[in-house]
Amino acid sequence: MARIHSLTRRDDAPAMLVQLTDSHLFGEPETSMLGVNTDASLRAVLRQIEADGKHPDLLLATGDMSQDGEAAAYRRLARVLSEAPALEQACIRCLPGNHDLPAVMRQELPEWSAPVTDVGAWRVVALDTTVPNSNAGHLPQSQLDLLEAALAEAPGRHTLIAMHHNPMQIDSHWHDSMMIDNPQALFKLLTRWPQVRVLLWGHVHHEFDRRRHNLRMLATPSTCFQFSIRDGKHVVDNMAPGYRWIKLYQDGSMATGVRRVQDALWHPALTSQDKAQAA
């Protein structure tokens with residue numbers, strides 16, 4: 001079992017988490033993808049967090065933080081997040097997505113790659129759902145064992161599980177071949193551990209919020225371009241990027257919402273062609 005990192009909080013104070021996901025930074029700075037400068041877009045989201053007055057205790061970066069897995073992309077990510085005023089007091093945790101190179105991410109961001117973090121009355125467990133040389137997701141037995149050990153060690157802590165790939169279909173009219181291919185193994189495990197309250201992921205580049213029994217299941221917009229399902233097809237959406245905030249209370253309850261970047265912060269990240277389409 002990995003060493004547990006604990007964040008000090010007053011006993012009665014809720015913990016504030018912020019989720020960033022799918023930043024798709026390249027090794028070469030200021031690179032555009034699907035009409036969005038991914039560096040500028042990430043900075044716009046960070047400025048929105050600051051404008052919203054959010055000062056998280058814990059920042060979760062849930063994968064595809066790099067598009068090409070280059071070490072330079074992770075070093076730049078570290079610099080940008082470390083210099084963001086809104087994150088001055090935040091503990092930061094990263095987990096890999098299908099475009100990341102997990103070994104490079106962990107080498108460049110070793111302290112941010114710890115899988116288990118305690119904050120207030122909650123335990124946050126970050127899982128690796130990546131499959132080498134594939135965009136699909138899978139939870140290997142090693143990750144299921146890590147999760148079960150983290151739950152067994154702290155049965156009195158409410159738990160949030162974070163991962164990159166979605167464990168369920170986002171839209172019934174579209175077959176998702178890139179979700180986790182063994183979600184039943186995860187949900188079977190969770191039936192034994194009722195302290196798990198939240199299942200959080202990235203990957204899908206849009207907002208999702210659904211309940212499954214006592215479990216809140218959440219996905220979050222990308223910090224760059226967005227996707228949606230229209231007429232059974234996967235398409236690029238021109239909605240602005242955003243982040244998710246989650247307030248975790250001592251009694252196991254929670255409050256959450258998604259905030260998207262306002263136009264004045266968002267438009268500088270667009271190419272000239274995309275600015276015309278977004279107008």
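All heavy atoms count here, side chains included; hydrogens, waters and symmetry mates do not.
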ask   = What's the verdict on side chain to side chain contact (heavy atoms under 4.5 Å, CB included) for Arg212 and Leu190, showing C-alpha distance, side-chain angles and the deciding distance?
value = CA-CA 11 Å; Arg212 177 188 171 108; Leu190 295 185; over 6 Å; no

query = Going hydrophobic residue to hydrophobic residue with side-chain gaps under 4.5 angstrom, can you get from Met65 over to Ile49?
reply = yes

ask   = Do Arg47 and Asp52 sit within salt-bridge range, that is, some charged N less than 4.0 Å from a carboxylate O?
value = no

Residue pair Ser66 / Asp64, side-chain donor-acceptor N/O under 3.5 Å = no

ask   = Does Val258 belong to the same Ile/Leu/Val/Met/Phe/Trp/Tyr cluster as Leu58, with side-chain heavy atoms less than 4.5 Å apart forming each link?
value = no

query = Mind checking whether Pro221 and His205 have side chains closer than 4.5 Å, heavy atoms only?
reply = no

request  = Could you state whether Leu144 and Leu215 fall into the same hydrophobic cluster, counting links through intermediate Ile, Leu, Val, Met, Phe, Trp or Tyr residues with side-chain heavy atoms under 4.5 angstrom apart?
outcome  = yes

query = What do you reckon, is CD of Gln184 surrounded by more than 12 foreign heavy atoms closer than 6.0 Å?
reply = yes

task = Taking His165 for its side chain and Ala136 for its backbone only, find out whether a donor-acceptor pair lies under 3.5 Å.
result = yes

request  = Report yes or no: do Met217 and Leu95 belong to one cluster of Ile/Leu/Val/Met/Phe/Trp/Tyr joined by side chain heavy-atom distances under 4.5 Å?
outcome  = no

message = Using only atom types and a distance under 3.5 Å, with no angle test, would you say the side chain of Trp122 pairs donor to acceptor with the backbone of Tyr249?
response = yes

request  = Using a 4.5 Å cut-off on heavy atoms from C-beta on, say whether the side chain of Trp245 contacts that of Lys247.
outcome  = yes

task = Could you tell me if the ring centre of Trp201 sits under 6.0 Å from that of Phe208?
result = yes

key: Validation row: Arg216, Thr256 side chains within 4.5 angstrom (heavy atoms)   = yes

key: Close side-chain approach of Tyr243 and Arg259, heavy atoms under 4.5 Å   = yes

inquiry  = Main chain of Val131, side chain of Ser134: is a donor-acceptor contact present, judged purely on distance under 3.5 Å?
reply    = no

message = I'd like to know if the side chain of Ser23 pairs up with that of Thr223 as donor and acceptor (distance under 3.5 Å, no hydrogens or angles considered).
response = yes

query = So, Thr117 and Arg93: side-chain donor and acceptor under 3.5 Å apart, yes or no?
reply = yes

task = Is it possible for you to say whether Leu127 and Leu189 belong to one hydrophobic cluster, with membership spreading through side-chain heavy-atom contacts below 4.5 Å?
result = yes

task = Could you tell me whether the side chains of Trp193 and Glu148 share a donor-acceptor contact shorter than 3.5 Å?
result = yes

query = Can you tell me how far CG of Asp39 sits from CE of Met33, rounded to the nearest 0.5 angstrom?
reply = 13.0 Å

Sub-4.5 Å side-chain heavy-atom contact between His158 and Met254 = no

query = Hey, does the side chain of Asp100 reach the backbone of Gly63 with a donor-acceptor pair shorter than 3.5 angstrom?
reply = no

ask   = Got Val124 and Val116 here, is their nearest side-chain heavy-atom distance under 4.5 Å?
value = no

Sidechain-backbone polar pair: Asn182 side chain, Ala185 backbone, donor-acceptor under 3.5 Å = no

query = More than 12 heavy atoms of other residues, nucleotides or ligands under 6.0 Å from CZ of Arg211: is that the case?
reply = no

message = Evaluate Gln143 against Met163 for side chain to side chain contact (heavy atoms under 4.5 Å, CB included), listing each step before the verdict.
response = CA-CA 11 Å; Gln143 290 295 292; Met163 59 183 69; over 6 Å; no

inquiry  = Could you walk me through whether Glu108 and Leu77 satisfy the side chain to side chain contact (heavy atoms under 4.5 Å, CB included) test, starting with their C-alpha distance in whole Å, then the side-chain angles of each, then the deciding distance to 0.1 Å, before giving a yes or no?
reply    = CA-CA 10 Å; Glu108 296 298 329; Leu77 174 72; over 6 Å; no

task = Answer yes or no: is there an ion pair linking Glu30 with Arg43, defined by an N-O contact shorter than 4.0 Å?
result = yes

key: Expected output: side-chain Asn214 to main-chain Pro194 donor-acceptor under 3.5 Å   = yes

request  = Hey, could you give me the CD1/CG distance between Ile246 and Leu218, rounded to the nearest 0.5 Å?
outcome  = 5.5 Å

task = Look up atom CZ in Arg76 and atom CG in Leu81, then write down how far apart they are to the nearest 0.5 Å.
result = 11.5 Å

query = Is the distance between the ring centroids of His24 and Phe225 less than 6.0 Å?
reply = yes

Contact check, side chains of Cys224 and Pro241, non-hydrogen atoms, under 4.5 Å = no

message = Would you compute the distance between atom CG of Leu59 and atom CD1 of Ile92 and round it to the nearest 0.5 angstrom?
response = 5.5 Å

ask   = Side chains of His203 and Asn98: donor-acceptor distance under 3.5 Å anywhere?
value = yes

note = side chain to side chain contact (heavy atoms under 4.5 Å, CB included) with Val196: of Leu186, Ile161, Thr191, only one passes, and it is Ile161

message = Please tell me whether Gln195 and Thr159 have a donor and an acceptor in their side chains that are separated by less than 3.5 angstrom.
response = no

Side chain proximity check, Gln107 to Val104, heavy atoms < 4.5 angstrom = no

task = Kindly compute the distance separating CD1 (Ile180) from CG (Asn166), expressed to the nearest 0.5 Å.
result = 7.0 Å

request  = Looking only at non-hydrogen atoms, find the nearest pair between Gly27 and Asp68 and report the distance.
outcome  = N-OD2, 2.9 Å

key: Check against side chain to side chain contact (heavy atoms under 4.5 Å, CB included), Gln262 and Gln48   = CA-CA 7 Å; Gln262 302 305 297; Gln48 188 65 55; 3.5 Å; yes

inquiry  = Closer than 3.5 angstrom, by distance alone: can the side chain of Ser82 be matched with the main-chain N or O of Ala78 as a donor-acceptor pair?
reply    = yes

query = Got a second to check how far Tyr74's OH is from Leu109's CG, nearest 0.5 Å?
reply = 8.0 Å

